[in-house]
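Report on one structure; see the data block that follows.
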Amino acid sequence: MTDVLAIADGNGAAPAGRPHPQEMAEHVAAGGSPFDYVEPPDWFSFSSLDTFERCPRQYALRYLCRLQAEQPRPAADFGSAAHAAFETFTRRRREGLARNEEPPDRADLERFFEAAWAGSPLAAEPDAESWRARAVPMLDRFWEAESADRSQTVGEELRFRLRLELDPKSRVVVGGFIDRIDRLPSGGVELIDYKTGGAWDPVDVESSLQLSIYALGCRDALELGRPERVTLNFVEHGMRYSAERSNGALDNVRDGLAMRAREIRGSDFMPTPGPRACGWCDFAAICSAREREVA
Ligand code: SF4
């Protein structure tokens with residue numbers, strides 16, 4: 001197996017009496033079923049569902065074989081550092097307000113980013129400084145928006161676990177982390193997801209499954225009620241796009257999630273190769289379907 005891949009949680013050792021995880025990955029990459037080795041999954045996330053939509057074999061390699069790429073991911077690392085800075089900023093402000101302390105200021109925001117940056121793999125990359133320079137206008141825009149905002153943050157990085165019953169014997173969980181939930185002046189809540197990189201078309205915000213899953217998690221798992229609005233905050237552009245999700249729409253999403261979970265649990269993980277899916281796939285070097293397409 002190529003050396004840019006690793007077993008995500010593994011030390012390389014196979015549990016007693018069970019096949020080696022690398023053997024399973026090679027079996028799946030060659031077209032075998034992961035269920036020859038593991039039980040059907042009982043945990044899903046937006047990312048895992050999205051991966052299955054893109055290519056079922058890619059899903060099986062990533063989420064059932066637990067393979068992950070080891071090559072640098074500068075855009076993701078930059079996003080992680082930005083998320084960490086924003087999370088620390090709003091948490092310190094929220095906790096400080098409860099103690100009648102001064103909220104963090106622009107310099108503090110910069111410090112929070114620097115702390116996150118120092119622990120990021122991106123800081124050691126050759127083009128680290130160009131990424132770091134990119135953070136300055138982003139922090140400025142975030143600070144300006146926060147200075148003008150009258151909402152109160154309810155929480156950051158809120159973990160939810162949405163339990164779904166597929167049939168009387170099968171239950172699964174759809175889980176995730178919501179970047180931020182604010183209490184609006186109206187009394188309702190706003191669910192916010194930060195995005196670094198390019199801004200989306202507003203139409204895609206309306207139809208975003210990720211936001212729908214998070215809104216469902218807010219309503220049915222965190223029990224904070226249906227969000228009054230769901231928002232993508234494109235932090236590098238200072239742009240926010242908001243949309244609504246009705247209770248009926250969320251009920252439909254819940255049914256749709258159960259349907260997708262059933263589909264995955266019964267899947268044969270047939271690959272769906274294509275230039276777009278394979279072009280960004282971490283497993284192209286080991287996947288037999290990709291090799292056939294290239295040939
Ligand atoms: S290389 Fe293509 S066909 Fe193979 S797992 Fe990746 S996306 Fe699917």
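Order of appearance sets the numbers: ligands from 1, and atoms from 1 within every ligand. No hydrogens, no waters, no symmetry mates; every other heavy atom, side chains included, goes into these values.
- Excluding waters, the set of protein N, O or S atoms lying under 2.8 Å from atom 4 (Fe) of ligand 1 comprises C287 SG.
- We find the CZ-CG distance between F160 and L224 to be 12.0 Å, quoted to the nearest 0.5 Å.
- If you chain together ILVMFWY residues whose side-chain heavy atoms come under 4.5 Å of each other, F142 ends up grouped with F78, F86, F89, L109, F112, F113, W117, L122, W131, M138, L139, W143, I192, Y194, V235.
- Here the closest heavy-atom approach between residue V28 and residue R57 is recorded as O-NE, 3.5 Å.
- For residues 196-223, every residue pair satisfying the side chain to side chain donor-acceptor pair (under 3.5 Å) rule, not counting sequence neighbours, is listed here: K195-Q210, Q210-Y214, S212-R245, R219-N247, R219-D251, D220-R254.
- Alongside V173, the hydrophobic cluster contains W43 (criterion: ILVMFWY side chains under 4.5 Å).
- Inspection of the S151 and E190 side chains reveals no N or O donor paired with an N or O acceptor under 3.5 Å.
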